[in-house]
Amino acid sequence: MHMKNDAADIFRQLAEGVGHSGSPRFYETMVERLAAILGVDHVLVADVTQLHQAETLAVWSDGNLLGNITYPLAGTPCETAFGRECCLYARDVQSRFPDDKLLYELGAESYLGRALYAADGALIGLLAVLKNSPMQMGELANEILQVAAAQAGAELGRQKAEQALRESEAVVRESERRLNTLLDHLPGMAYRCLNDRDWTMQLVSQGVETLTGYRPDELQDNRLTSFAALIHPNYQDKIFHEVQSAIANKRPYRVIYPLHHRDGGYRWMWEQGQAVLDEAGEIVCLEGFISDVTDQQESQRVQNAVVQVASTVTTQVGDGYFQQLIATLVKVLEADAGFIALLHTSPQGDENVYGQATTVSMVVEGAQREQYSFALRGSPSEQVVLEREAVMHNGPPLLLPGTLLPTRAWIGRRLDNANGDAIGVMMVFYRQPLTTNAFATSVLQILSTGAAAELERRRDHRHMHQLAYTDSTTGLPNRIRFMELLAQMWKEAHQGERGLSLLLLDIRRFKEVNDLHGHQVGDQLLVTVAERLAQISRSYGSLARLSGDEFALLVADATPSDIGNLVEQLRLVVKPPLHLERRVFHLDVSIGFAHYPQDVTEASELFNAASIALHHAKRREKSICPYTQTMRHALQRRQRMTERLSTAITEHQLELYFQPQVNLTSGRLTGAEALCRWYDAEWGWVSPCEFIPLAEERGLIRALGDWVLEKSAKQLITWRNQPGGGLPGRLSINISAQQFADPELSSHIAQLTSGVPPSAIALELTESDFMRDPDQAVNITHTMRQAGYSLSIDDFGTGYSSLSYLRRFAADALKIDISFVREMLENKNDRTIVQTIIAMAQALEMKTVAEGVETQEQARLLAEMGCNEAQGYWFGRPLPADEFAARWLAP
């Protein structure tokens, strides 16, 4: 599956697309983003109903949102996607499922589906991507779908939970209505009592023992205790006044209150009654019915508590959600403290083995507290994780983690992700022992699903943030994060009129280590260097890894002396030998740096200036370089020269000059060398020593080389058709290392020089270029030789070639470098080197050509040494084609 962006950008886009659950366009945004990120034609997310049907929540097709549809799952690829892994049909999906009309309407060729699961592991939906061509699923695509499926499942689960809560509220209301009707006719306890403060019982049904634990005879006439004494003290006066008010208004009374049971606990009672009057209208007694409504009352309390919490946190996300949730929860449950904590796996990394927990939000006695990490072992949270739900009614005094609050009781609920794995805990704590926990346990159980979903969403968001902004190898901020930090720190420096320095560091010869020893060793080296640099940089500023072996360090408000000391410390901390896999590496860094506002005025210019300084530092022996304006001017000239050279090649503004090559014995012309010359309308003559290396560096050398070959061939044909018969011998043409690396070079040259026989061309390659890849050079030289081209090793004596390779090269000639020829009359060593090269060539049956011969004495000595041919100012300067022909090719 083709990815249009890199991994960091992909996860950032996905995070932005699904970062806020509950929004009306959540699913529409998700399918649109997934289609763009994965490069597919269609994306849909659907709810799976109990009727084995799929009801789409959003459909993206060919760049547009379609209307939602309902379709049966039977006979479709979606029916096979209900597993924990992705279901992929890479091609021919229509032929596999011929009855699926949707596949035909969309024109899908391939299908990739993933099931959506609720927090309790139940299957609730599916996510599918389709393409009108075959597709393959890579690891990154799988991870993207996994994250998207988790987010979609969490959102769908949240919506279903909200729907279930609404339905539950309706059921509770209906239950209360039926219960009221039932209790009117089936009381748990019938009674007759006096209208006094003790509610002195005259007659009590047998149901009283179930309600209170006391027998009827123990309550009649207050023999053991009065009924009024069993009512919770906080309700006694309230109930008495409500009953008297109803009697005064000649209506029945209905009251609810907690009643003390003989076992020590309280039960909720629902009572309905009325006054019995005599003929004079005086109250004789009260008659009524009492039923135990503890379960209904607790259910209502739980429902009210959940509604109160939910209404408080509905608009919150992230940290705000957890802070508001735990604060409201502590208040509703009348607790002294509470927290939500995220679990961390053990340092050994064992799956599902947790070593620590960190509070995401903590409230103690009504106040928010900072995040706090604590060991899980031996804590109440450990018991909660192991048992899923745990309660301590009255334990030994325990200090709440990170506080001095002594607690005796606590209630906790484990928070699980969609796969059923523990990811956190939610707990409340009490100073005093608990007499009951049913209410609090029920509230925690209901709210744990939403808290777990938000905790997982937060963790996924942080994971995506880490992927987008953190370098996976070193753990340092990556280039994207660094550029944001640069803009932020520059803004602060600009507003505060302070300085800002940027140092760019490059590990010297790191590519050699990577190429020779592999990326695993290279990554270990990068990690070690990052750790060493961090030892110094953490007290100065912000360190980041930009790419490859390049690091960056931002330092605010530092003096030149501070930067000088920092640079030296960074170099010294990297230098100690590094031992990796029984090898020892000696490292060094190149450092370029620039300052704001001394050097530049903008953040982007600061990075550019430091990059220029680093470029110069890599070329210096000391490897340290501060930025100067001269560097920018030089770089601008090179950039401008690159543009003008590219235009010159394309528009044929270059010229070929030709320098004669003569036989040192006879003095006759034996050939010539084609030399490229460039006259620029603005700059005049540009030296080949400047523009040819630039062409090699900027990737123009192949185009330049092709132009020289093609132009040389045309010139040879022109000379051949003129009186005199053309150029005797061969025309030498320089080939760059980049051209020579082409295995198809022989056929490429033949195409460019069509109409010219290979015997008329001699190709020259410098000795150092031959030795870049000598084994490949051996193969190519033999191919060129078989094609009929002559090969010369240029600048011989400067490239440290091996004699064993020299013997294997299919070369015809060695060109003695000008540096040896220039000084050979005065310098004995140079003369010895020239003599040795000639002797070596003779032994290998190669011709020798001396370059840069400028005097008769040099020509004479070379001839005496046995050199075959020469070129240089003594024989003739390079000339344009017409002048060369007039001078050397005239009949």
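Fair warning: this is a prediction, and the values are worked out from it, not measured in the lab. Reckoned from all heavy atoms, side chains included, excluding hydrogens, waters and symmetry mates.
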Within the distance-only criterion (no hydrogens, no angle test), does the side chain of [X] pair as donor or acceptor with the backbone N or O of [Y] below 3.5 angstrom?
X	Y	result
Arg532	Pro576	yes
Ser623	Val589	yes
Gln738	Glu696	yes
Thr647	Glu643	yes
Thr753	Ala713	no
Thr474	Leu476	yes
Gln858	Thr855	yes
Asp817	Phe820	no
Gln715	Lys711	no
Ser754	Gln751	no

Donor-acceptor side-chain pairing of [X] and [Y] below 3.5 angstrom:
X	Y	value
Ser819	Glu823	no
Gln871	Glu673	yes
Arg730	Gln661	no

Working for side-chain hydrogen bond (donor to acceptor under 3.5 Å, both in side chains), residues Ser590 and Asp506 | CA-CA 5 Å; Ser590 299; Asp506 185 279; 5.2 Å; no
Step through it carefully: locate the ring centre of Trp719, locate the ring centre of Phe884, and say whether they are under 6.0 Å apart.
->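 Ring-ring flag for Trp719/Phe884: true, centres closer than 6.0 Å.
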Thr528 vs Gln524, side-chain hydrogen bond (donor to acceptor under 3.5 Å, both in side chains): CA-CA, chis, key distance, verdict = CA-CA 6 Å; Thr528 303; Gln524 290 176 337; over 6 Å; no
Closer than 4.0 angstrom, basic N to acidic O: yes or no for [X] and [Y]?
X	Y	result
Arg545	Glu550	no
Lys575	Asp588	yes
Glu869	Lys815	no
Arg860	Glu857	no
Glu682	Arg644	yes
Arg479	Asp471	no

Got [X] and [Y] here, is their nearest side-chain heavy-atom distance under 4.5 Å?
X	Y	result
Leu570	Leu553	yes
Arg831	Leu861	yes
Val574	Ile507	no
Ile816	Ile838	yes
Ser792	Val849	no

Under the salt bridge (Lys or Arg N to Asp or Glu O under 4.0 Å) rule, what do Arg508 and Asp549 come out as? Steps first, then yes or no, please.
-> CA-CA 9 Å; Arg508 306 198 80 175; Asp549 60 335; over 6 Å; no
Please give me the minimum heavy-atom distance between [X] and [Y], naming the atom from each residue.
X	Y	result
Pro878	Leu675	CG-CD1, 3.7 Å
Leu645	Ala695	CD2-CB, 3.9 Å
Leu716	Ile761	CD1-CG1, 4.4 Å
Asn868	Thr848	OD1-N, 2.9 Å
Pro880	Phe658	C-CD1, 4.5 Å
Ala870	Leu664	CB-CD2, 3.7 Å

For His595, the side chain to side chain donor-acceptor pair (under 3.5 Å) test, sequence neighbours excluded, returns Ser501
Sequence neighbours excluded, which residues qualify as side chain to side chain donor-acceptor pair (under 3.5 Å) partners of Glu568?
->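 Glu568 satisfies side chain to side chain donor-acceptor pair (under 3.5 Å) with no residue once adjacent residues are dropped.
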Give, for atom [atom1] of [X] and atom [atom2] of [Y], the distance between the pair rounded to the nearest 0.5 Å.
X	Y	atom1	atom2	answer
Lys828	Gln835	NZ	CD	13.0 Å
Phe551	Leu505	CZ	CG	8.5 Å
Glu651	Ser646	CD	OG	9.0 Å
Ile692	Trp678	CD1	CH2	11.5 Å

Output all residues satisfying salt bridge (Lys or Arg N to Asp or Glu O under 4.0 Å) with Lys714, sequence neighbours left out; order by chain, then residue number.
->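 Not a single residue meets the salt bridge (Lys or Arg N to Asp or Glu O under 4.0 Å) criterion with Lys714.
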Is Glu845 atom CD crowded by more than 12 heavy atoms from other residues, nucleotides or ligands, each under 6.0 Å away?
->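 Counting neighbours around CD of Glu845, 12 or fewer heavy atoms of other residues, nucleotides or ligands fall under 6.0 Å, so no.
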Has Asn721 got more than 12 heavy atoms of other residues, nucleotides or ligands less than 6.0 Å from its CG?
->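 Buried by this count: over 12 neighbours within 6.0 Å.
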side-chain contact (heavy atoms from CB on, under 4.5 Å) assessment of Met846 paired with Asp812 = CA-CA 5 Å; Met846 293 182 181; Asp812 301 279; over 6 Å; no
Which word best sums up how the rings of Phe482 and Phe607 line up, parallel for under 30°, tilted for 30 to 60°, or perpendicular for over 60°?
->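 The arrangement is tilted - the two ring planes meet at 30° to 60°.
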